[in-house]
Amino acid sequence: MAPALRTARTAVLAAALCAGLGLGAFGCSHPAADSGASAHPVPSAARSGGGGPGRAAATDSARASFAATPVTGPWRSWTRKLSGPEASGTCDATTRQVVCGVGADGLTGRSRATGAVTWQIPSLAAGRNVGLVLAVPDGRAVAAGADTLHAADLRTGSSAWSHRLTPGRAYAALAEGGGAVYALDTTTGPPGDTRTVTLDAYRTTDGTALWHKSVHADATAPPRVIGGRVYTTDGSAVTARDARTGRVVATSPGGTDCPQLLSGAGYLVCTGSRFSASDTFPPVVRLDPATLRPLRTLRDSGMKPVDGVFSDGVLVLYEEGAEDSSAGDWSAFDLGSGAVLWSYHTTTGQGALDGGRFTTFTPSYDTSGGRLISVDLRAGPKGTGAAAPRFSPAYPDTDFSRYPSVVVPGGGAGHLLVQSTRVGALRSVPSP
């Protein structure tokens, strides 16, 4: 599944999370994955697992989930209204189905053919979701919110396992890779209280607690996973840990300023933090994932880096003004030479990779109405011939006023998902 950005949604979730914590301004192959909801609830198949200091053991769900029944059909165009708890969450997709977060840690599956709900697992906790990851090779979707981590079986639509933290702690950020889920959790309390942050590792399939470590880390910055390593930043320095044991294997050298980490396709990059109140930002620097030493400075534009995606030796990065976040630039960098390949000025930090192309939304001042624009990864918006930009029709849900975001199922689905945050709608449309 191609990586996709969810910058605006992430920012909203992180802001709500940080306010609650007092931190200030973070395809499965089984046919049943495309299944329809049955009319009867069945008990969740949650498994119990080991806990650890500062956290409770995994618990069996006391609430019901809806069993899945098979539904066939390829990706098609459709529009669905999302429920209140689902509308405020994040949606993602495998090649076979759509998965949306509901409430703090609930999950809903939707058919790729019709958008109808095919399975549903209620949230175990009250609060907002702070992370949703799809571990497709392991057949799991995992959501985190408040004090609960909750996994669904993508093949059956049933609850697979859950973990609940001890009172006074809450999950803050989530990542997955290499058969494990990595979660940052922190103490809660009023502003000014001293915080402790822990990095927890769980086996993705059954939720077994693998290890947990107290870390010096920014709880709003998601950990990053490359190969057999997990990376965190404390807002300045970067730490790499062995993914199997949690042991520290590398730290960034002094003088490396890394408020935020971006990763993908084996690359690791330091940027400024999207939540910084400063009007100056450190340069965008590529790091060696093995030693954490700086390899190349990619950019020192003075703008605020927001998020980025990686593919085929290229980083596509969105930056916005420090004092005006209403517009910014998507820029593509050659990670080998550091050269800027192209830039595209627009009014949204939402974008995603779709094969060898990059897709985002046209700016709010597009006279044709809000549309999706797909550009060649290296040629950009000025490409010609087969590399020329492609545009979608102007759908209601791609209009800037609806705060749309885009999700790419990958695997040659031929469709994209557009989620409209303001009106709570999800639309499947053909790729431009």
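- The OG1 atom of T271 lies 8.0 Å from the CG atom of L261; values are rounded to the nearest 0.5 Å.
- No more than 12 heavy atoms of other residues, nucleotides or ligands lie within 6.0 Å of OH in Y403, so this atom counts as exposed by the packing criterion.
- Residues that satisfy the side chain to side chain donor-acceptor pair (under 3.5 Å) test with S83, not counting sequence neighbours, are absent from this structure.
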* To do: Check the pair W330, Y344 against ring-ring contact (aromatic ring centres under 6.0 Å, His included), reporting the backbone distance first and the verdict last.
  => CA-CA 5 Å; W330 283 105; Y344 179 68; 9.2 Å; no

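- Shown here for A250 and A290, the closest heavy-atom pair between the two residues is CB-O, 3.7 Å.
- Put simply, the side chain of T360 reaches to within 4.5 Å of the side chain of F358, judged on heavy atoms.
- Counted by atom type alone, D153 and S158 present zero donor-acceptor pairs between their side chains at under 3.5 Å.
- Residues meeting the side chain to side chain donor-acceptor pair (under 3.5 Å) test with D234, sequence neighbours left out: none.
- Looking only at side-chain heavy atoms (C-beta outward), V99 and L107 come within less than 4.5 Å of each other.
- A search for side chain to side chain contact (heavy atoms under 4.5 Å, CB included) contacts involving A175 returns P223, V225, not counting sequence neighbours.
- Not a single salt bridge (Lys or Arg N to Asp or Glu O under 4.0 Å) links D288 to another residue, sequence neighbours left out.
- Ring geometry for Y267 against F310 counts as parallel: the plane angle stays under 30°, on a 0 to 90° scale with 60° as the upper cut.
- Annotation for G145 and A125: closest pair O-CB, 4.2 Å, computed over non-hydrogen atoms.
- Between P430 and S77, the closest side-chain pair of non-hydrogen atoms falls below 4.5 Å.
- Residues T204 and A135 share a closest heavy-atom pair of CG2-CB, 3.5 Å.
- S311 and L377 get closest at one heavy-atom pair: O-CD2, 3.4 Å.
- Counting heavy atoms from C-beta outward, L287 and C270 have side chains that approach closer than 4.5 Å.
- Under the side chain to side chain contact (heavy atoms under 4.5 Å, CB included) criterion, S392 pairs with R371, L372, Y395, P432, not counting sequence neighbours.
- Here L292 contributes atom CG and Y231 contributes atom OH; the two are 6.0 Å apart, rounded to the nearest 0.5 Å.
- No side-chain N or O of R195 forms a donor-acceptor pair with one of T188 less than 3.5 Å apart.
- For D397, the side chain to side chain contact (heavy atoms under 4.5 Å, CB included) partners are T79, R402, V418, S420, V423, A425, R427, not counting sequence neighbours.
- For residues 77-86, the set of pairs meeting the salt bridge (Lys or Arg N to Asp or Glu O under 4.0 Å) definition, not counting sequence neighbours, comprises E86-R110.
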* Please lay out, stage by stage, how D218 and T233 fare under the test side-chain hydrogen bond (donor to acceptor under 3.5 Å, both in side chains). => CA-CA 6 Å; D218 180 353; T233 178; over 6 Å; no

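- S88 contributes a side-chain N or O that, together with a main-chain N or O of P85, makes up a donor-acceptor pair within less than 3.5 Å.
- Residues P409 and T95 form no side-chain contact, since every pair of their non-hydrogen atoms from C-beta on lies 4.5 Å or further apart.
- Under the side chain to side chain donor-acceptor pair (under 3.5 Å) criterion, H345 pairs with D329, sequence neighbours left out.
- Under the 4.5 Å side-chain criterion, counting only non-hydrogen atoms from C-beta, D307 is not in contact with Y318.
- Within the 4.5 Å cutoff, side-chain heavy atoms of W211 are placed close to those of L199.
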* What's the verdict on side-chain contact (heavy atoms from CB on, under 4.5 Å) for I373 and T359, showing C-alpha distance, side-chain angles and the deciding distance? -> CA-CA 6 Å; I373 176 175; T359 300; over 6 Å; no

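- Counted by atom type alone, R357 and S374 present one or more donor-acceptor pairs between their side chains at under 3.5 Å.
- A donor and an acceptor atom, one from each side chain of S159 and H150, are located under 3.5 Å apart.
- One finds the OG atom of S331 at 7.0 Å from the CG atom of L317 (value rounded to the nearest 0.5 Å).
- Residues in residues 256-270 take part in no salt bridge (Lys or Arg N to Asp or Glu O under 4.0 Å) pair, two or more places apart or across chains.
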* To do: For the pair S123 and V102, evaluate side-chain contact (heavy atoms from CB on, under 4.5 Å) and give the outcome as yes or no after the intermediate values.
  => CA-CA 7 Å; S123 179; V102 181; 5.8 Å; no

* To do: Mind running side-chain contact (heavy atoms from CB on, under 4.5 Å) on K304 and E320 for me, showing each step along the way?
  => CA-CA 5 Å; K304 179 190 291 188; E320 62 189 21; 3.9 Å; yes

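- Scanning for salt bridge (Lys or Arg N to Asp or Glu O under 4.0 Å) contacts around E319 gives R299, with sequence neighbours left out.
- Minimum heavy-atom separation, Y171 to A144: CB-CB, 4.1 Å.
- Test L210, L184, D185, V181 against D200 for side chain to side chain contact (heavy atoms under 4.5 Å, CB included) and you get one pass: D185.
- With contacts defined as side-chain heavy-atom distances shorter than 4.5 Å, the pair L132/L174 does not qualify.
- Taking D334 as the reference, R378 meet the salt bridge (Lys or Arg N to Asp or Glu O under 4.0 Å) condition, with sequence neighbours excluded.
- Under the 3.5 Å distance criterion, the side-chain polar atoms of R244 are left unmatched by any main-chain donor or acceptor of G228.
- Between the side chains of R293 and T256, no donor-acceptor pair of N or O atoms lies under 3.5 Å.
- Between R140 and D138 no salt bridge is recorded (no basic side-chain N to carboxylate O distance below 4.0 Å).
- Residues forming a side chain to side chain contact (heavy atoms under 4.5 Å, CB included) with R296 (at least two apart in sequence, or on another chain): L298.
- Here the straight-line distance linking atom CG of L149 with atom CG of L165 works out to 8.0 Å at 0.5 Å rounding.
- Here the straight-line distance linking atom OG1 of T398 with atom CZ of F400 works out to 12.5 Å at 0.5 Å rounding.
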* Asked: After noting the C-alpha distance and the side-chain angles of R247 and R241, does the key distance pass the side-chain contact (heavy atoms from CB on, under 4.5 Å) rule?
  -> CA-CA 5 Å; R247 179 178 62 89; R241 296 177 181 273; over 6 Å; no

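- By the 30° and 60° cut-offs, the orientation of the rings of Y202 relative to H163 is tilted.
- When all heavy atoms are compared, the tightest approach of A104 to N129 is O-ND2, 3.2 Å.
- A distance of 5.0 Å separates CG of L426 from SG of C91, quoted to the nearest 0.5 Å.
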* To do: Would you check, one step at a time, whether the test side-chain hydrogen bond (donor to acceptor under 3.5 Å, both in side chains) holds for R224 with T232?
  => CA-CA 7 Å; R224 302 294 178 175; T232 57; over 6 Å; no

